[in-house]
2 protein chains.
Amino acid sequence: MYLTWRRARHRFGEVIRLPISSRIEDYMEEIFALEISGREATVTDLANALGVAKATVVAAVRRLSEASMVSHERYGAFRLTEKGRERALRIHRRHEHLTFLFEDILGFDKKRAQAMACVLEHEMDEEAEVRIMGFTDYLARAQKEGREWVKDLLSVMGDERKLPRPLAMIPEGEKGVVTRVTAEEPLRGRLFSLGLSPGAAILRLAAPPGDELVNLEADGNEITLKMTEAASVWICTGPDRGPYKRGGMEDVPYNHSA
Amino acid sequence: MYLTWRRARHRFGEVIRLPISSRIEDYMEEIFALEISGREATVTDLANALGVAKATVVAAVRRLSEASMVSHERYGAFRLTEKGRERALRIHRRHEHLTFLFEDILGFDKKRAQAMACVLEHEMDEEAEVRIMGFTDYLARAQKEGREWVKDLLSVMGDERKLPRPLAMIPEGEKGVVTRVTAEEPLRGRLFSLGLSPGAAILRLAAPPGDELVNLEADGNEITLKMTEAASVWICTGPDRGPYKRGGMEDVPYNHSA
DNA sequence: GGAAAAAGTAAGATGTATCTAACTTGGAGG
DNA sequence: CCTCCAAGTTAGATACATCTTACTTTTTCC
Ligand SMILES: [Mn+2]
Ligand SMILES: [Mn+2]
Ligand SMILES: [Mn+2]
Ligand SMILES: [Mn+2]
């Protein structure tokens, strides 16, 4: 059991590097959420909140305790240290405000909003948080004031829409419309000046021999691109793709709530 | 070595559940990106792209191969199967378009945009993707057309801003302003009608005995809340918090690029 | 005050993702 | 044709997050 080994090293005063993974941050976040609502954070609470076995919580909290994020005496409740509370506050705040953005403003369903918030919260620094917060507040305010553009913005989100494929995947002879060019800047400008910008109608032509090039007609002009270039041009084809299929999210690794 | 065991079971025809984790999806995404730019996906390519050892790629691809997502004969290049290519397309498309949104539209720096896109891409279903796409396109278009509201929206994102704390963390005697109420609906309405809505000025008063309640003054009226309720009211205090500190993102578990 | 229930902890195991070090294979050049 | 090197693979190990089962401590309540 590796925890035994870890604890042994710990006891002998060895300094152990203790990275706090995003999953472990979820435990901190939950302890924080319990603390600020006036409840004590117990093993059972965390196990229920995070959907794991109690033994798993014990292991997680031991890590947090060794990292001086949580203080814990045997059979007692957990308390965040000052350092741990600071960090947990950041995570919790990001979670709450991202959820607010995704669910209350942008209209994602609750489960999706939670899932998205719960991964994004670990990938933001303070600057990103400040930016998202400004964005969210601006939208919220515009919505409350009944601005037309917010209504439009939110209503187009609900529209059905075909999803594009990279130009390289379009078969010869097929027509389509450019919906996005995701290339970095020097190339992006070049593609735009060739007529490959959102809205342009294209027709893929027979490929020249060699497998490295793509021929196509863009708004009437015949052009040739390298495959690497074509990879960043996204094309919607066919008017006949029915309503979008629901689904996806297969095999999400964790089933957590925090 | 667990791979030996897994392969053994596989050979004997046992059906093994093969969940594809978000990390494994990153490998698929990278194979896809190589394929559409006309290159072959090799062990070395993937190892470089994902920042892992070659042996790690071999293990990952074995999983993909057993899940029928990738075909691979020894010492040859990888090719996505039809099923694998469908899935990889979805991931790659989400990655590209989220990056476009975060970096090109919303102005996050490249690294942050990549990190955020690379976790979010695994938490979206097709509906979420369609919604984000509509949102992104609308913003892109409004920006190209020079709409004032987009300029304002993007400029407030760059503003400095104090970050709030839950009401429960505000010390007695401190004043502040409500910036958000993240409660669910029945409670949210009640809090709003008590005067606790964004913009309200509050002053925390001495707590009543018992540790379960919070006293405060909101726009002049004295009110009492349960701690659980107070947890969802976010308060900004003090005019004296300097420019926000940069930082965060400590201990991110993976260092991937895909 | 003691028995039963609930809460917490420990041990041992599994599955995933990763590494390094050694080994094998295929192909390019002489 | 052979050699050698780059590319690919295997073996064996570590770290983390998780589980189940069994044990210990605390709490509850008659
Ligand atoms: Mn999370
Ligand atoms: Mn969370
Ligand atoms: Mn990813
Ligand atoms: Mn990605």
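Remember, it's a predicted structure, so these values are computed and weren't measured experimentally. The sequence lines fix the lettering, A, B, ..., with proteins before strands; numbering per chain opens at 1.
Looking only at side-chain heavy atoms (C-beta outward), A:His122 and A:Asp26 come within less than 4.5 Å of each other.
The CZ atom of B:Arg39 sits 16 Å away from the P atom of D:dA7 (whole-angstrom rounding). Taking atom CD of residue A:Glu40 and atom P of nucleotide D:dT27, one finds them 11 Å apart after rounding to whole Å. Distance CD (A:Glu25) to P (D:dC16): 15 Å, rounded to an integer number of Å. Taking atom CG of residue B:Leu64 and atom C1' of nucleotide C:dA17, one finds them 13 Å apart after rounding to whole Å. Between the P atom of C:dT16 and the CG atom of B:Asp26 lies a distance of 17 Å, rounded to the nearest Å. If you measure from atom CZ of B:Arg23 to atom P of D:dA17, you get 16 Å, rounded to the nearest angstrom. Between the C1' atom of D:dT9 and the CG atom of B:Leu46 lies a distance of 15 Å, rounded to the nearest Å. In this structure, CG of B:Leu50 is placed 18 Å from P of C:dT16, rounded to the nearest angstrom.
Tested against B:Met28 for a side-chain contact (heavy atoms from CB on, under 4.5 Å), the candidates B:Ile91, B:Leu64, B:Leu89 yield a single pass: B:Leu64. Each of B:Glu25, B:Glu123, B:Glu129, B:Glu29 was checked for a salt bridge (charged side-chain N to carboxylate O under 4.0 Å, His left out) with B:Arg94, and the lone residue meeting it is B:Glu129.
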**Report entry** Under 4.0 Å protein heavy-atom contact, by nucleotide of nucleotides 20-25 of chain C - B base, S sugar-phosphate only
**Finding:** B----S
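A cation-pi contact, defined as under 6.0 Å to the ring centre and within 45° of the axis, is absent between A:Arg85 and A:Phe32.
Close to C:dT18, at under 4.0 Å from its OP1 or OP2, lies a side-chain N or O of B:Tyr27. Between B:Thr44 and the phosphate of D:dA6, there is no side-chain N or O to OP1/OP2 separation shorter than 4.0 Å. Within the 4.0 Å cut-off from OP1 or OP2 of D:dT9, not a single side-chain nitrogen or oxygen of B:Arg62 is found. Put simply, B:Thr42 has no side-chain N or O that comes within less than 4.0 Å of OP1 or OP2 on D:dA7. Residue A:Arg63 places at least one side-chain N or O closer than 4.0 Å to OP1 or OP2 of D:dC16.
Residues satisfying the ring pair (Phe, Tyr, Trp, His ring centres under 6.0 Å) criterion with A:His97, sequence neighbours excluded, are B:Trp234.
Rounded to the nearest 0.5 angstrom, B:Glu212 CD and A:Ser37 OG are separated by 9.5 Å.
The local environment of CZ in A:Arg79 is sparse, with at most 12 non-hydrogen atoms from other residues, nucleotides or ligands closer than 6.0 Å.
Between A:Val52 and B:His72, it is B:His72 whose nearest contact on DNA chain D lies nearer the 5' terminus.
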